Amino acid sequence: MRYWLLKSEPDVFGFADLKKRPHQTEPWNGIRNYQARNFMRDEMQVGDLGLFYHSNATPPGIAGIIRISRAAYPDDLQFDPQSDYYDPKSSPENPRWLMVDVTLEAEFSSFITLEQMRADPRLADLLILRRGNRLSITPVAARDFKYLCKLGGLKNR
DNA sequence: GCCAACGTTGGC
DNA sequence: GCCAACGTTGGC
(Lines give C-alpha, C1' and ligand atoms only; values in the text may rest on other atoms or scores of the structure.)
Protein backbone atom coordinates (compact mmCIF):
# COMPACT_ATOMS: atom_id res chain seq x y z
CA MET A 1 0.00 0.00 0.00
CA ARG A 2 1.34 3.38 -1.02
CA TYR A 3 0.55 6.97 -0.24
CA TRP A 4 0.17 9.89 -2.63
CA LEU A 5 -0.51 13.58 -2.87
CA LEU A 6 -2.89 14.69 -5.61
CA LYS A 7 -3.32 18.31 -6.59
CA SER A 8 -6.53 19.87 -7.78
CA GLU A 9 -7.69 23.43 -8.17
CA PRO A 10 -10.76 23.86 -5.95
CA ASP A 11 -12.24 26.34 -8.43
CA VAL A 12 -12.37 23.42 -10.86
CA PHE A 13 -12.85 20.46 -8.53
CA GLY A 14 -12.28 20.67 -4.81
CA PHE A 15 -12.78 18.44 -1.81
CA ALA A 16 -16.25 19.92 -1.30
CA ASP A 17 -17.19 18.80 -4.82
CA LEU A 18 -16.04 15.26 -4.11
CA LYS A 19 -18.24 15.17 -1.02
CA LYS A 20 -21.29 15.80 -3.21
CA ARG A 21 -20.56 13.17 -5.85
CA PRO A 22 -22.50 9.89 -5.94
CA HIS A 23 -20.66 7.41 -3.73
CA GLN A 24 -18.28 10.33 -3.10
CA THR A 25 -16.32 8.97 -6.03
CA GLU A 26 -14.88 10.75 -9.07
CA PRO A 27 -12.52 9.99 -11.95
CA TRP A 28 -9.25 11.88 -11.49
CA ASN A 29 -9.04 13.02 -15.08
CA GLY A 30 -7.10 15.65 -16.97
CA ILE A 31 -3.61 14.48 -16.02
CA ARG A 32 -1.42 15.43 -18.99
CA ASN A 33 2.04 14.87 -17.63
CA TYR A 34 3.94 11.66 -18.36
CA GLN A 35 5.56 11.30 -14.98
CA ALA A 36 2.22 11.67 -13.20
CA ARG A 37 0.59 9.28 -15.65
CA ASN A 38 3.30 6.71 -15.07
CA PHE A 39 2.74 6.87 -11.32
CA MET A 40 -0.93 6.05 -11.92
CA ARG A 41 -0.17 3.33 -14.44
CA ASP A 42 2.74 1.61 -12.74
CA GLU A 43 2.47 2.21 -9.03
CA MET A 44 -1.00 3.18 -7.93
CA GLN A 45 -3.16 0.38 -6.61
CA VAL A 46 -6.72 0.15 -5.44
CA GLY A 47 -6.70 0.85 -1.72
CA ASP A 48 -3.82 3.31 -1.80
CA LEU A 49 -4.51 6.51 0.10
CA GLY A 50 -3.96 10.05 -1.11
CA LEU A 51 -3.86 13.57 0.26
CA PHE A 52 -6.27 15.91 -1.53
CA TYR A 53 -4.29 19.10 -2.09
CA HIS A 54 -5.85 22.39 -3.15
CA SER A 55 -3.59 24.30 -5.52
CA ASN A 56 -4.17 27.81 -6.85
CA ALA A 57 -6.31 28.30 -3.78
CA THR A 58 -6.60 30.71 -0.88
CA PRO A 59 -4.98 29.30 1.05
CA PRO A 60 -3.35 26.35 -0.70
CA GLY A 61 -3.19 23.19 1.39
CA ILE A 62 -4.60 19.75 2.19
CA ALA A 63 -8.32 19.29 2.77
CA GLY A 64 -8.56 15.58 3.49
CA ILE A 65 -7.75 12.10 2.30
CA ILE A 66 -9.02 9.96 -0.53
CA ARG A 67 -8.72 6.32 -1.49
CA ILE A 68 -7.87 4.97 -4.92
CA SER A 69 -10.99 3.00 -5.81
CA ARG A 70 -10.27 2.02 -9.41
CA ALA A 71 -6.93 1.31 -11.07
CA ALA A 72 -5.71 3.30 -14.08
CA TYR A 73 -7.88 3.29 -17.21
CA PRO A 74 -8.11 5.57 -20.25
CA ASP A 75 -9.10 9.18 -19.59
CA ASP A 76 -12.14 9.76 -21.81
CA LEU A 77 -11.55 13.51 -22.08
CA GLN A 78 -8.59 12.91 -24.39
CA PHE A 79 -11.03 11.74 -27.11
CA ASP A 80 -13.46 14.65 -26.75
CA PRO A 81 -12.70 17.47 -29.21
CA GLN A 82 -14.79 19.82 -27.06
CA SER A 83 -12.66 19.22 -23.98
CA ASP A 84 -9.71 21.32 -22.88
CA TYR A 85 -8.00 17.98 -22.30
CA TYR A 86 -8.51 16.75 -25.86
CA ASP A 87 -5.41 15.18 -27.38
CA PRO A 88 -5.61 14.69 -31.16
CA LYS A 89 -2.54 12.47 -31.08
CA SER A 90 -4.25 9.92 -28.87
CA SER A 91 -6.72 7.26 -29.99
CA PRO A 92 -9.01 4.75 -28.26
CA GLU A 93 -6.89 1.97 -29.77
CA ASN A 94 -3.76 3.46 -28.27
CA PRO A 95 -4.74 5.83 -25.47
CA ARG A 96 -2.03 8.10 -24.20
CA TRP A 97 -3.60 9.39 -20.98
CA LEU A 98 -4.99 7.56 -17.99
CA MET A 99 -7.04 8.31 -14.92
CA VAL A 100 -7.95 6.54 -11.69
CA ASP A 101 -11.11 6.77 -9.62
CA VAL A 102 -10.83 8.31 -6.17
CA THR A 103 -13.26 8.00 -3.28
CA LEU A 104 -13.52 10.24 -0.27
CA GLU A 105 -11.93 8.57 2.74
CA ALA A 106 -11.99 11.29 5.42
CA GLU A 107 -12.15 15.04 5.67
CA PHE A 108 -9.60 16.80 7.85
CA SER A 109 -11.24 18.58 10.77
CA SER A 110 -8.34 20.99 10.46
CA PHE A 111 -7.26 22.13 6.96
CA ILE A 112 -3.45 22.02 6.66
CA THR A 113 -2.11 25.10 4.89
CA LEU A 114 0.97 25.14 2.70
CA GLU A 115 2.37 27.80 5.02
CA GLN A 116 1.95 25.47 7.99
CA MET A 117 3.71 22.66 6.15
CA ARG A 118 6.61 24.87 5.08
CA ALA A 119 7.13 25.94 8.67
CA ASP A 120 7.26 22.34 9.92
CA PRO A 121 10.77 20.83 9.92
CA ARG A 122 9.28 17.32 10.16
CA LEU A 123 7.95 17.74 6.62
CA ALA A 124 11.26 18.67 5.04
CA ASP A 125 11.18 15.61 2.77
CA LEU A 126 7.72 16.23 1.37
CA LEU A 127 8.14 16.53 -2.40
CA ILE A 128 5.49 19.20 -2.75
CA LEU A 129 7.63 21.52 -0.63
CA ARG A 130 10.71 21.11 -2.76
CA ARG A 131 11.71 24.03 -4.89
CA GLY A 132 10.08 24.12 -8.28
CA ASN A 133 8.03 20.97 -7.89
CA ARG A 134 4.99 21.18 -10.13
CA LEU A 135 4.07 17.53 -10.44
CA SER A 136 0.37 17.02 -9.86
CA ILE A 137 0.78 13.51 -8.42
CA THR A 138 3.63 12.74 -6.05
CA PRO A 139 4.40 9.80 -3.76
CA VAL A 140 4.36 10.49 -0.01
CA ALA A 141 6.29 8.54 2.63
CA ALA A 142 4.11 6.57 5.05
CA ARG A 143 5.43 8.45 8.07
CA ASP A 144 4.72 11.80 6.40
CA PHE A 145 1.21 10.70 5.48
CA LYS A 146 0.48 9.59 9.02
CA TYR A 147 1.92 12.74 10.50
CA LEU A 148 -0.19 14.87 8.16
CA CYS A 149 -3.30 12.95 9.14
CA LYS A 150 -2.55 13.77 12.74
CA LEU A 151 -2.11 17.46 11.91
CA GLY A 152 -5.38 17.29 10.03
CA GLY A 153 -7.18 15.95 13.06
CA LEU A 154 -7.52 12.29 12.10
CA LYS A 155 -6.52 9.59 14.50
CA ASN A 156 -5.10 6.13 13.90
CA ARG A 157 -4.14 6.58 10.26
C1' DG B 1 -0.79 39.99 -12.78
C1' DC B 2 4.04 38.65 -12.01
C1' DC B 3 7.48 35.49 -12.66
C1' DA B 4 10.51 31.44 -11.46
C1' DA B 5 10.90 26.96 -12.60
C1' DC B 6 9.67 23.41 -15.20
C1' DG B 7 8.01 20.41 -19.30
C1' DT B 8 7.20 20.09 -24.27
C1' DT B 9 7.84 21.05 -29.04
C1' DG B 10 10.04 21.15 -33.25
C1' DG B 11 13.76 22.80 -36.35
C1' DC B 12 18.16 21.49 -37.39
C1' DG C 1 19.88 14.27 -29.94
C1' DC C 2 20.52 19.21 -28.98
C1' DC C 3 18.49 23.26 -27.40
C1' DA C 4 15.89 27.67 -28.09
C1' DA C 5 11.38 29.07 -27.91
C1' DC C 6 7.24 28.54 -26.04
C1' DG C 7 3.54 27.03 -22.82
C1' DT C 8 2.15 25.80 -18.11
C1' DT C 9 2.09 25.65 -13.14
C1' DG C 10 1.21 27.70 -9.01
C1' DG C 11 2.71 30.61 -5.11
C1' DC C 12 2.74 35.19 -4.06
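In what follows, every heavy atom counts, from backbone to side chain, and hydrogens, waters and symmetry copies are set aside. Naming convention: chains lettered A, B, ... in sequence-line order (proteins, then strands); numbering from 1 in each chain. Here the structure is a predicted model, which means the values were calculated and not measured.
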In whole angstrom, give the distance that lies between atom CD1 of A/I137 and atom C1' of B/dG7.
-> 16 Å
Taking only N and O in the side chain of A/Y53, is any of them less than 4.0 Å away from OP1 or OP2 of C/dG11?
-> yes
Given C/dG11, B/dG7, B/dT8, the nucleotide with the shortest approach to the side chain of A/Q35 | B/dG7
Using atom CG of A/L6 as one end and atom C1' of C/dT9 as the other, report the distance to the nearest whole Å.
-> 16 Å
Can you tell me the distance, in whole Å, between the OH atom of A/Y85 and the C1' atom of C/dG7?
-> 15 Å
Starting from C1' on B/dG7, measure out to CZ on A/R131 and report it in whole angstrom.
-> 16 Å
Integer-rounded Å distance: C/dG10 C1' and A/L5 CG | 14 Å
Output yes when A/D144 and A/R122 qualify as a salt bridge under the 4.0 Å nitrogen-oxygen rule, no when they do not.
-> no
A/K7 has a side chain; which of B/dA5, C/dG11, C/dG10 sits nearest to it?
-> C/dG10
Among side-chain atoms of A/Y85 and A/D80, is any donor-acceptor pair under 3.5 angstrom?
-> no
Mind checking whether A/F52 and A/W4 have ring centres under 6.0 Å apart?
-> no
DNA chain B: 5'-proximal contact among A/N33 and A/K89 (nearest heavy atom) | A/N33
Euclidean distance, atom CG of residue A/L135 to atom P of C/dT8 [Å, nearest integer] = 17 Å
To the nearest angstrom, how far is A/Y34 atom OH from B/dG7 atom P?
-> 14 Å
Give the rounded distance in Å between these two atoms: CZ of A/R32 and P of B/dT9.
-> 13 Å
For C/dT8, take OP1 and OP2 only and decide whether either is under 4.0 Å from a side-chain N or O of A/R134.
-> no
Below 6.0 angstrom between ring centroids: does that apply to A/Y34 and A/W97?
-> yes
